[in-house]
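What follows is one structure encoded as structure tokens, with my remarks underneath.
Nothing fancy with the numbering, it's 1 onward along the sequence.
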Amino acid sequence: MAKFTVFFKDKAIDSVLFESGVMHIGRDESNDLTLNSLAVAPAHAAAIIKQNGCLIKQLNDDFPLIVNGEKLKESLLNNNDRITLGKYSLIFNTTESVTEIPKHESPEVSQLNQEIGQNLNLPEANLQVMDGQHIGRILPMKKAMTRLGRNGGGIAVIARRKEGYFISSLENNSSMTINNQPLGDKTVKLNNNDLIVIDNTTLQFFQNPNK
């Protein structure tokens with residue numbers, strides 16, 4: 001499964017998930033991913049998504065396809081590759097890419113995580129880093145409880161429950177927000193594409209379809 005996060009002038013504006021097949025990218029509204037800019041061709045590029053990888057191809061010689069700063073006719077994409085189309089950028093990731101979240105768990109908590117996780121039948125979920133030096137990185141939410149942040153900058157926990165994924169604060173910090181609203185002492189159920197800001201880092205929550 002492939003995720004493309006769309007940036008305009010380095011600000012994330014959209015993200016799309018594709019399981020397999022051909023994804024068409026361009027200015028025309030008939031594309032799977034439409035980018036409204038005259039610098040983007042009506043049919044600019046096509047991404048061929050398979051289980052063993054994703055290949056992106058240029059469709060119009062008059063409109064360059066730039067991958068990681070290099071003009072290419074086609075390219076096999078790797079995690080965190082940046083595709084430039086006019087003033088837009090796309091960050092590519094597979095949702096199976098793994099980045100460990102620093103954690104310090106006792107054996108009892110680890111056992112609880114395992115037991116609770118086995119009893120939950122939820123869609124798989126991930127966080128994606130939307131800014132900073134780790135931009136584009138995917139953080140799988142595979143534990144019953146995932147701790148985020150650091151002391152002094154704000155600490156939050158995302159819990160997997162049978163009703164969904166819920167975030168709450170362990171350290172009240174006014175800069176910790178959900179969709180630009182302070183988290184405070186509330187417990188909030190996360191929805192697809194919610195934006196979380198913790199310790200000045202923006203993370204986007206998304207669930208894998210058909211899981």
Side-chain angles (χ1 to χ4, degrees), residues 1-101 123-141 179 191-197 200-211:
M1 185 178 295
K3 183 183 186 191
F4 292 87
T5 304
V6 184
F7 292 82
F8 182 74
K9 295 181 178 179
D10 292 326
K11 181 179 180 180
I13 59 172
D14 197 9
S15 60
V16 289
L17 283 171
F18 290 89
E19 190 159 0
S20 62
V22 180
M23 182 192 77
H24 291 91
I25 307 167
R27 187 171 72 243
D28 192 88
E29 292 184 357
S30 63
N31 289 283
D32 301 295
L33 179 56
T34 302
L35 302 176
N36 187 18
S37 170
L38 293 177
V40 177
H44 199 122
I48 303 166
I49 303 163
K50 299 180 179 180
Q51 288 187 347
N52 60 349
C54 179
L55 179 72
I56 191 166
K57 292 187 175 184
Q58 180 183 3
L59 297 180
N60 191 316
D61 290 339
D62 295 327
F63 291 81
L65 173 67
I66 302 173
V67 180
N68 298 328
E70 185 178 357
K71 290 183 179 181
L72 300 170
K73 294 289 186 181
E74 63 179 48
S75 177
L76 188 63
L77 295 177
N78 297 304
N79 282 315
N80 302 320
D81 277 353
R82 178 181 289 267
I83 303 119
T84 303
L85 307 170
K87 293 183 179 180
Y88 289 90
S89 293
L90 310 179
I91 299 292
F92 168 81
N93 278 103
T94 61
T95 58
E96 290 78 13
S97 59
V98 174
T99 299
E100 290 294 332
I101 302 174
E124 293 179 2
N126 302 272
L127 294 171
Q128 182 170 28
V129 181
M130 306 301 284
D131 51 25
Q133 63 178 338
H134 299 300
I135 188 170
R137 194 167 288 179
I138 299 289
L139 309 175
M141 308 290 293
N179 298 324
N191 297 304
N192 226 20
N193 298 322
D194 277 353
L195 291 175
I196 306 163
V197 177
N200 297 317
T201 298
T202 303
L203 304 163
Q204 185 182 51
F205 174 85
F206 66 97
Q207 291 180 271
N208 299 347
N210 303 321
K211 294 290 185 182

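Rounding to the nearest 0.5 Å places CG of L55 at 7.5 Å from OG of S75. Taking CG of N192 as the reference point, atom CZ of F205 lies at 7.0 Å (rounded to 0.5 Å). With rounding to the nearest 0.5 Å, the separation of CD in E74 from CD in Q58 is 10.0 Å. Residue I135 holds its CD1 atom at 5.5 Å from CD1 of I91, rounded to the nearest 0.5 Å. In this structure, CG on L127 lies 4.5 Å from CE on M141, to the nearest 0.5 angstrom. Separating the OG1 atom in T84 from the CG atom in L65 is a distance of 9.0 Å, to the nearest 0.5 Å.
When all heavy atoms of M130 and L195 are compared, the pair lying nearest together is CG-CD2, 4.4 Å. Taking both residues in full, the closest heavy atoms of D32 and V22 are given as OD2-O, 3.6 Å, listed atom of the first, atom of the second, then distance. Contact record, D28 with T34: O-OG1, 3.4 Å, taken as the closest heavy-atom pair. Here the closest non-hydrogen pair linking A39 and H44 is O-CE1, 4.0 Å. Minimum heavy-atom separation, P42 to N31: O-ND2, 2.8 Å. The shortest non-hydrogen separation linking R27 to S37 is CD-O, 3.0 Å.
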Intermediate values then yes/no, side chain to side chain contact (heavy atoms under 4.5 Å, CB included), L35 and F8:
CA-CA 10 Å; L35 302 176; F8 182 74; over 6 Å; no
Between Q204 and N126, does a side chain to side chain contact (heavy atoms under 4.5 Å, CB included) hold up when you go through it step by step?
CA-CA 8 Å; Q204 185 182 51; N126 302 272; over 6 Å; no
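Looking at L90 and I56, their side chains never come closer than 4.5 Å, going by heavy atoms from C-beta outward. The shortest distance between side-chain heavy atoms of K87 and V40 does not fall below 4.5 Å.
Using modelled atom types, no side-chain atom of D81 and backbone atom of V67 make a donor-acceptor pair closer than 3.5 Å.
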